[in-house]
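Below, read A as the first sequence line, B as the second, and so on, with proteins coming before strands; counting in each chain starts at 1.
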Amino acid sequence: MRCNEALNILDEYLDEDLAFRPRRELETHVARCGVCQDELAQRRELRVRLANLAVAGPSEDFFDRALANAAQIRTRRRSDGGKVRGKNRKFALAAAVACAFAAAVALQQPSIENPFANVPEATIAMHEVTPVNLVFWAERELQDARLSIQLPEGIELAGYEKRSALTWTTDLEAGRNLLRLPLVGHVATAKDVTATLEHPQGTKKFRLKITVI
Amino acid sequence: MSNSAADPFGALLKPHLPKLYRLAYRLTTNAADAEDLVQDVLVKLFSRKDELTSIRDLAPWLGRVLYNQFIDDTRRYGRQPLKLVSAGHDVDDTPTHGADPESAAVNANSNAQLRKALEKLSEDHRVALVLHDVEGYTIKEMEELTGVAQGTLKSRLHRARQRLRELLKIDGTFFPKASCTTMNGDNVDAL
């Protein structure tokens, strides 16, 4: 067994999903390969750390309060005809925030800013997830900006397959803010991915020309 | 809370709330959103309280309700599918080379870095990895919870693990790049 084959099945080995023969071959390889031993040990260690990640507990008496609130909120929603938003889902927009934005893209080396280019360009390999980074610069902190990504046919965001648009609310910190777009191209094409940022002072639209080869 | 006769809704659900909250926390990644999510689920369930007693296996059913609520919230209210991060603190920071081994070990043991890396995964990948590798759900249980086919979940889990390792490599936390050699130093294969 070669290292790349061994590395490909290490996770299945740790999941105890391997059949007898590949398991034995892997164990034989690992027994004589120091790097694969290290890799296996690191993955084991990572599994242990993941399994031990703590959960921050709820606030005091949350369960009792939540049960008591359930009936109350349900009744209120009926009378309001609408959804009661949680305390953490803010929609109040920050007032009078002066903002300026610049956008840039870079492949793998995301710190490159090129705000003066008319349409920044990036080339990605077909069927491979390639992170394309968009950098927003905000003069001051900006809360509850609405960010939309429009994707042309043949280009998707990894993890959001078959979605041509995604929109969500986000906060921008003062200074540079990085948005990583894990793009996947499925056909050879050269099309624009559009990012739109809406905020109380207006809307900014950025185009990124993505070439899939 | 009141007793089961006075409050059958509370009596039925309260034993399940710690587990529901835990799942909510894993999905949302923070306590405040987890509380909101559990609260939303309870509000939804309250209108179906008469139906609850007839559900045979309540725990997994509640998990599914919570997961569906999470997905609805993500779609409707835009829990962020992609996170904007401060560029000054993201993976773009050039890893410090030549850091002393003790500092490297401290970094390697930092759960904060692990959480940060997890948050950088796409939602689908993060959920798959968190359910399986953090919470210990089997693929079958994940299928029952999410309604996503086992093959898709396996593929997401595979990609999520790969991506997490990449992120941790970039952060210099785990997995230093190395050539692959045998114990006696002979080259076995190029990575």
Side-chain angles (χ1 to χ4, degrees), chain A residues 2-4 7 11 32-36 38-39 42 45-47 49-51 53-59 62-64 66-71 73-74 77 86-89 110-111 129 133 135-136 147 149 157-160 166-173 175-182, chain B residues 1 7 9-10 13-14 17-18 21-22 25-26 30-36 38-40 42-43 45-47 77-82 84-88 90 92 111 114-115 120-125 129 133-134 136 158-159 161 164-165 168 174-175 178-183 188-189 191:
Chain A
R2 296 163 69 88
C3 284
N4 57 354
L7 294 173
D11 282 320
R32 67 186 182 92
C33 174
V35 173
C36 285
D38 288 347
E39 183 76 16
Q42 285 172 328
E45 164 72 8
L46 180 57
R47 295 281 184 103
R49 301 232 339 244
L50 282 167
L53 272 183
V55 172
S59 53
F62 167 70
F63 297 138
D64 285 339
L67 285 167
N69 286 342
I73 293 173
R74 185 79 210 171
R77 279 185 193 175
K87 61 180 180 293
N88 301 295
R89 297 172 191 160
S111 298
V129 179
N133 297 311
V135 179
F136 295 94
L147 190 50
I149 304 294
L157 274 176
Y160 296 87
L166 284 98
T167 299
W168 68 99
T169 305
T170 189
D171 297 337
L172 274 75
E173 292 183 9
R176 297 170 72 247
N177 295 265
L178 178 76
L179 180 68
R180 173 163 292 201
L181 302 174
Chain B
M1 199 64 201
D7 179 20
F9 178 73
L13 291 182
K14 195 171 177 184
L17 292 186
Y21 170 83
R22 188 180 173 92
Y25 182 89
R26 293 306 189 197
N30 69 82
D33 281 346
E35 286 191 4
D36 281 349
V38 171
Q39 182 70 81
D40 281 348
L42 290 177
V43 170
L45 292 177
F46 190 80
S47 64
Y77 301 110
R79 278 200 179 90
Q80 301 184 9
L82 297 169
L84 264 177
V85 294
S86 169
D90 190 46
D92 310 315
N111 279 349
L114 186 52
R115 287 179 193 282
K120 284 176 188 151
L121 297 178
S122 73
E123 196 83 359
D124 284 345
H125 287 178
L129 192 130
D133 287 358
V134 179
H158 177 74
R159 281 182 285 165
R161 286 166 170 168
L164 183 68
R165 286 196 294 269
L168 293 172
F174 284 98
F175 312 119
S179 62
C180 199
T181 57
T182 57
M183 295 299 274
V188 173
D189 188 21
L191 284 173

**Study point:** Among the listed options B:L42, B:D124, B:L45, B:L17, the residue most often paired with chain A at heavy-atom distances under 4.5 Å
**Key:** B:L17
Check your understanding: What's the verdict on salt bridge (Lys or Arg N to Asp or Glu O under 4.0 Å) for A:D11 and B:R165, showing C-alpha distance, side-chain angles and the deciding distance?
Key -> CA-CA 12 Å; A:D11 282 320; B:R165 286 196 294 269; 3.0 Å; yes
Check your understanding: Do any N or O atoms from the side chain of B:E35 and from the backbone of A:F62 form a donor-acceptor pair under 3.5 angstrom?
Key -> no
Review point. Are any non-hydrogen side-chain atoms of B:L164 and B:H125 less than 4.5 angstrom apart?
Key: no
Study note, to complete from the structure: Turns out that what part of B:L129 lies under 4.5 Å from chain A's heavy atoms comes down to side chain
Check your understanding: What part of B:L13 lies closer than 4.5 angstrom to a heavy atom of chain A: side chain, backbone, both or neither?
Key -> side chain
Exercise for review: Side-chain contact test, heavy atoms from C-beta onward, threshold under 4.5 Å: evaluate it for A:Q42 versus B:L168 and give yes or no.
Suggested key: no
